[in-house]
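To start, the structure itself, in structure tokens.
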Amino acid sequence: MSRPRIDDLDLPLADLMEAWPETVPVFLRHDMLCVGCMIAPFHTVVDACVEYGLVIDEFVAELCAAVDGEG
């Protein structure tokens, strides 16, 4: 199985955080309760951004920066 893509908007949050634990601080910085949430296996980045009123493209860019060691 190939590694998921960080910019896959259908990727469940639990899978995203498992593959890239360095993204966890991004969620925490936005006061998001996604880390450890029992809905994380079902919610996507889009779902979380809608729930927290974040701009999807900007949030994905923050996640990518964290993975690249820039955030």
Side-chain angles (χ1 to χ4, degrees):
M1 186 170 143
S2 64
R3 184 175 176 146
R5 290 178 36 164
I6 187 76
D7 61 350
D8 177 357
L9 297 181
D10 293 323
L11 184 65
L13 295 176
D15 294 349
L16 184 147
M17 288 184 267
E18 182 178 332
W20 297 281
E22 60 269 40
T23 62
V24 169
V26 177
F27 289 91
L28 298 176
R29 188 168 47 246
H30 287 280
D31 295 323
M32 300 169 85
L33 301 175
C34 303
V35 180
C37 176
M38 62 184 163
I39 303 299
F42 310 103
H43 264 189
T44 65
V45 168
V46 173
D47 296 326
C49 287
V50 168
E51 185 72 27
Y52 287 94
L54 301 173
V55 177
I56 296 166
D57 293 339
E58 292 175 8
F59 188 71
V60 170
E62 286 186 59
L63 294 174
C64 291
V67 169
D68 291 338
E70 299 169 15

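Note that the structure is a prediction, hence the values are computed from the model and not measured.
- In this structure, L9 and V60 have side chains that are in contact, with non-hydrogen atoms separated by less than 4.5 Å.
- The list of ring-ring contact (aromatic ring centres under 6.0 Å, His included) pairs with a residue in residues 29-49, not counting sequence neighbours, reads H30-F59.
- Between V45 and L13, the closest heavy-atom pair is N-CD2, 3.6 Å.
- Taking every heavy atom of both residues into account, F27 and C34 meet most closely at CD2-CB, 3.9 Å.
- Judged as a side-chain hydrogen bond (donor to acceptor under 3.5 Å, both in side chains), and not counting sequence neighbours, the contacts of D47 are T44.
- Between P21 and P25 the shortest heavy-atom distance is O-CD, 3.9 Å.
- Residues M17 and L33 fall within the same hydrophobic cluster, defined by Ile, Leu, Val, Met, Phe, Trp and Tyr side chains chained together at heavy-atom separations under 4.5 Å.
- Every residue two or more places apart in sequence or in another chain was checked for a salt bridge (Lys or Arg N to Asp or Glu O under 4.0 Å) with D8, and none qualifies.
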Self-check item: Stepwise side chain to side chain contact (heavy atoms under 4.5 Å, CB included) check, M32 with V26
Solution: CA-CA 9 Å; M32 300 169 85; V26 177; over 6 Å; no
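- With hydrophobic clusters built from ILVMFWY side chains whose heavy atoms lie under 4.5 angstrom apart, L28 shares a cluster with L54.
- From E22, atom CD reaches atom CG of L63 across 10.0 Å, with rounding to the nearest 0.5 Å.
- The two atoms that bring W20 and L11 nearest to each other are CZ3-CD2, 3.8 Å, heavy atoms only.
- Between T23 and A66 the shortest heavy-atom distance is CA-CB, 4.3 Å.
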